Each structure stands twice: as C-alpha cells, then as structure tokens.
Amino acid sequence: MDSDRLLHKWIYFCLLIVSSYCQLVVNVRNKGGETIVEKIISNTTDDTVTLEFLGSDGSFVTQFIDFKSEVQIFRIYVSGEEELGQTQTQTVCFITRFLRNDFISSDAMSKLRQKNPTAIRTPEEEMEMTTHILDVMVNVDKAYVISPYAFNICSEAKDATYAQELDLRTISKSLGKDYITLISATSEVPPSKYPKCRNSQDATKPCSCEIRTCIGWYPCGLKYCHGTDSSGKLVSYRCGIKTCKKCVAFIYAVNTRLKCLWDM
C-alpha cells in the first residue's frame with residue numbers, strides 16, 4: 001500500500017463513519033501541540049469496539065477490541081522512510097489479550113452521546129506504558145481460531161502479524177478453548193534471540209524491532225454517582241465515563257533491519 005492508498009483508506013473511513021454508525025469523533029491534543037482526530041465505533045451485535053486515528057508521524061493506527069474472544073488487535077500502517085527511498089507502506093498487526101476493565105463495554109460505548117464534536121479533549125488519567133513482547137508469528141489464514149475478525153483486519157500483514165504465547169495460553173483457559181488449536185495458528189519467533197535492530201550491524205540479519213503508539217484519549221471506565229430513590233433508599237447510578245491515555249510498545253522479530261527503520 002502506497003501513501004495515496006493510505007490516504008484514500010482514511011478518507012473512505014471518515015465518510016463511512018459520518019454516514020453510518022460512528023459513536024464518537026474525538027479531538028485530542030498531543031504533547032507536541034498537534035491535534036489528533038480519533039474515531040471510535042461500537043458494534044453491540046458483534047460486541048466489538050474500533051478506535052482509529054491518523055498519527056502525527058503519518059502512521060494509521062487501528063485498535064480493534066473483540067470482547068467475546070478476549071483479544072485486541074492493533075494494526076499499524078507505517079509510512080515509508082522517503083529519505084531512504086522507501087515508497088511502500090508497511091503493515092504490522094499485533095494480537096494481544098484484552099482485559100475487560102481496560103475499556104468500557106461495547107454496550108456502554110454505544111450509549112455515549114457527543115455534545116460538542118469540535119472540542120479538544122484531555123484525558124483524566126495517563127496510564128503507564130504497556131510493553132508487549134510478541135514471541136509467535138500468526139498465520140493469518142488460520143487466525144480465525146483466535147478471533148473471527150483477525151483475518152480481515154490483518155490480511156495486509158500476512159508476514160507481520162504477531163501474538164504472545166502466554167496470552168494464547170491464558171485465553172484458552174478463560175474461554176475454555178483448546179490451546180493446541182490456538183497455538184497451531186502460530187510459529188515461534190522469539191525476539192530475545194536477536195539483537196535490537198538499532199544495534200544490528202548487518203541489515204540482512206534478523207533483529208528485534210520495537211514500535212510504539214499512544215492512544216491519546218479513550219473511555220477506560222464508568223463513573224458512578226450516589227443518590228436516593230423515591231423511597232429514600234441510597235442508590236448508585238452511572239453518571240459518566242472516566243477517560244485515559246495509554247501508550248503501548250510492541251517488541252517483535254523481523255528478518256531484516258530494513259523492516260524496522262523507525263527504530264534506529
């Protein structure tokens with residue numbers, strides 16, 4: 001995918017969500033003073049939430065949460081380094097375990113209403129950075145055993161979709177899935193076997209790559225207020241959302257330093 005296709009994908013996405021079922025359009029100002037526009041969509045039928053934004057560095061980030069499968073998928077389109085003669089966009093996908101208290105439910109998300117879509121939003125809490133060390137590569141053609149949405153989301157990253165073996169083991173226990181079936185969709189590629197790409201002296205050899213992204217604003221929890229009902233009984237009721245910012249780092253193996261030029 002070249003830069004023009006990436007732009008067209010972004011424009012198509014914007015038109016789609018404006019005309020259909022977009023729940024929130026959020027303007028977030030980053031530390032550099034730039035405004036990032038996030039689109040957050042909830043699908044209560046599928047029990048999923050999608051958050052997407054175009055980063056200030058030109059990367060196009062999708063965070064897709066599949067509540068039923070207890071996984072989240074980060075897909076990142078990384079623009080080529082033009083000064084190094086790269087014209088193609090790289091696509092990478094990371095499938096990680098999802099903890100339900102990290103994001104409000106798809107049902108709660110669908111009930112949010114936006115009063116001022118042009119306002120600049122500031123998160124109430126900045127979470128600690130989470131680092132994911134992805135030690136298995138996912139065969140995208142078999143990824144449906146992990147999540148039924150994985151193939152469509154990661155189809156452009158057939159050689160760059162990663163997961164963590166421990167996540168798959170935990171998911172198999174919590175959902176009663178067969179671990180052997182889950183792990184059969186992957187192959188082992190531990191990044192710890194290789195030097196960091198930024199330290200690698202040979203561009204043709206495998207190395208350990210790191211990519212980071214930040215979700216500048218998202219609804220990370222519900223707020224509850226206390227009052228009394230008509231009988232005078234003390235009751236608790238939902239009265240808002242808590243918002244957070246979170247940065248994530250993904251560490252994974254690549255077969256050449258040329259696939260990790262941003263981590264130099």
Side-chain angles (χ1 to χ4, degrees), residues 17-18 20-31 35-53 55 61-74 94-132 147-149 153 164 166-167 170-177 212-249:
I17 61 172
V18 169
S20 57
Y21 51 88
C22 179
Q23 298 300 324
L24 289 180
V25 178
V26 182
N27 302 293
V28 187
R29 186 156 292 157
N30 62 22
K31 290 183 177 179
T35 299
I36 304 298
V37 181
E38 296 180 358
K39 310 320 194 262
I40 311 177
I41 300 172
S42 173
N43 186 323
T44 55
T45 302
D46 294 338
D47 200 10
T48 64
V49 169
T50 305
L51 185 155
E52 294 194 307
F53 64 91
V61 181
T62 298
Q63 179 188 16
F64 180 87
I65 301 172
D66 176 359
F67 287 87
K68 292 180 181 178
S69 301
E70 294 187 1
V71 302
Q72 62 182 344
I73 303 172
F74 282 88
F94 307 106
I95 303 175
T96 69
R97 182 185 172 213
F98 174 70
L99 300 177
R100 287 185 175 270
N101 59 354
D102 283 350
F103 208 105
I104 66 173
S105 69
S106 62
D107 180 65
M109 186 73 221
S110 70
K111 291 180 171 61
L112 296 183
R113 296 296 178 263
Q114 191 161 22
K115 296 180 180 179
N116 185 2
T118 62
I120 303 297
R121 306 294 177 182
T122 302
E124 298 170 80
E125 183 176 350
E126 184 166 343
M127 312 295 283
E128 291 186 5
M129 174 178 282
T130 300
T131 299
H132 299 277
S147 168
Y149 309 98
I153 296 172
Q164 187 172 340
L166 181 59
D167 282 348
T170 303
I171 290 169
S172 72
K173 292 179 180 178
S174 63
L175 295 182
K177 290 188 174 183
R212 297 184 179 188
T213 190
C214 291
I215 311 300
W217 186 101
Y218 66 98
C220 53
L222 299 175
K223 289 182 179 179
Y224 290 88
C225 296
H226 301 285
T228 56
D229 60 16
S230 58
S231 66
K233 181 181 177 181
L234 184 65
V235 294
S236 176
Y237 59 94
R238 192 172 71 190
C239 58
I241 60 170
K242 176 184 176 183
T243 60
C244 296
K245 171 186 176 180
K246 187 171 188 177
C247 296
V248 289

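Quantities reported herein were computed from a predicted structural model and do not represent experimental measurements.
In this structure, E70 contributes its side chain and S174 its backbone to no donor-acceptor pair below 3.5 Å. The backbone N or O of F67 lies less than 3.5 Å from a partner atom in the side chain of R100, making a donor-acceptor pair. At distances below 3.5 Å, not a single donor-acceptor pair connects side-chain atoms of S106 with backbone N or O atoms of S42. T243 contributes a side-chain N or O that, together with a main-chain N or O of E124, makes up a donor-acceptor pair within less than 3.5 Å. A distance-only check finds no donor-acceptor pair linking the side chain of E38 to the backbone of L51 [under 3.5 Å].
The shortest side-chain heavy-atom distance between Q63 and V61 does not fall under the 4.5 Å cut-off. Side chains of W217 and N27 form no contact here, defined as non-hydrogen atoms less than 4.5 Å apart. M109 places a side-chain heavy atom less than 4.5 Å from the side chain of P219. Two residues are said to be in side-chain contact when any heavy atoms from C-beta on lie closer than 4.5 Å; D66 and P148 meet this criterion. Under the 4.5 Å side-chain criterion, counting only non-hydrogen atoms from C-beta, K246 is not in contact with F103. A heavy-atom distance below 4.5 Å is not found between the side chains of Y218 and V49. The closest side-chain heavy-atom distance from F64 to T48 is below 4.5 Å. The shortest distance between side-chain heavy atoms of F53 and T213 falls below 4.5 Å.
The distance from the OG atom of S105 to the CD1 atom of I65 is 10.5 Å, given to the nearest 0.5 Å. For the atom pair CD1 of I104 and NZ of K111, the computed distance is 10.0 Å after rounding to the nearest 0.5 Å. Here I241 contributes atom CD1 and L24 contributes atom CG; the two are 7.0 Å apart, rounded to the nearest 0.5 Å. Between the CZ atom of F94 and the CD atom of Q164 there is a distance of 12.5 Å, given to the nearest 0.5 Å. To the nearest 0.5 angstrom, E126 atom CD is 4.5 Å from K245 atom NZ. Between the CZ atom in R97 and the OG atom in S69 there is a gap of 13.5 Å [rounded to 0.5 Å].
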query: Would H226 and Y224 count as a side-chain contact (heavy atoms from CB on, under 4.5 Å) if you check the C-alpha gap in whole Å, the side-chain angles of each, and the deciding distance to 0.1 Å?
result: CA-CA 7 Å; H226 301 285; Y224 290 88; 5.6 Å; no
query: Yes or no on side-chain contact (heavy atoms from CB on, under 4.5 Å) for R121 and N116, after CA distance, side-chain angles and deciding distance?
result: CA-CA 10 Å; R121 306 294 177 182; N116 185 2; 4.3 Å; yes
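Donor-acceptor pairing under 3.5 Å is lacking for the side chains of T96 and D167.
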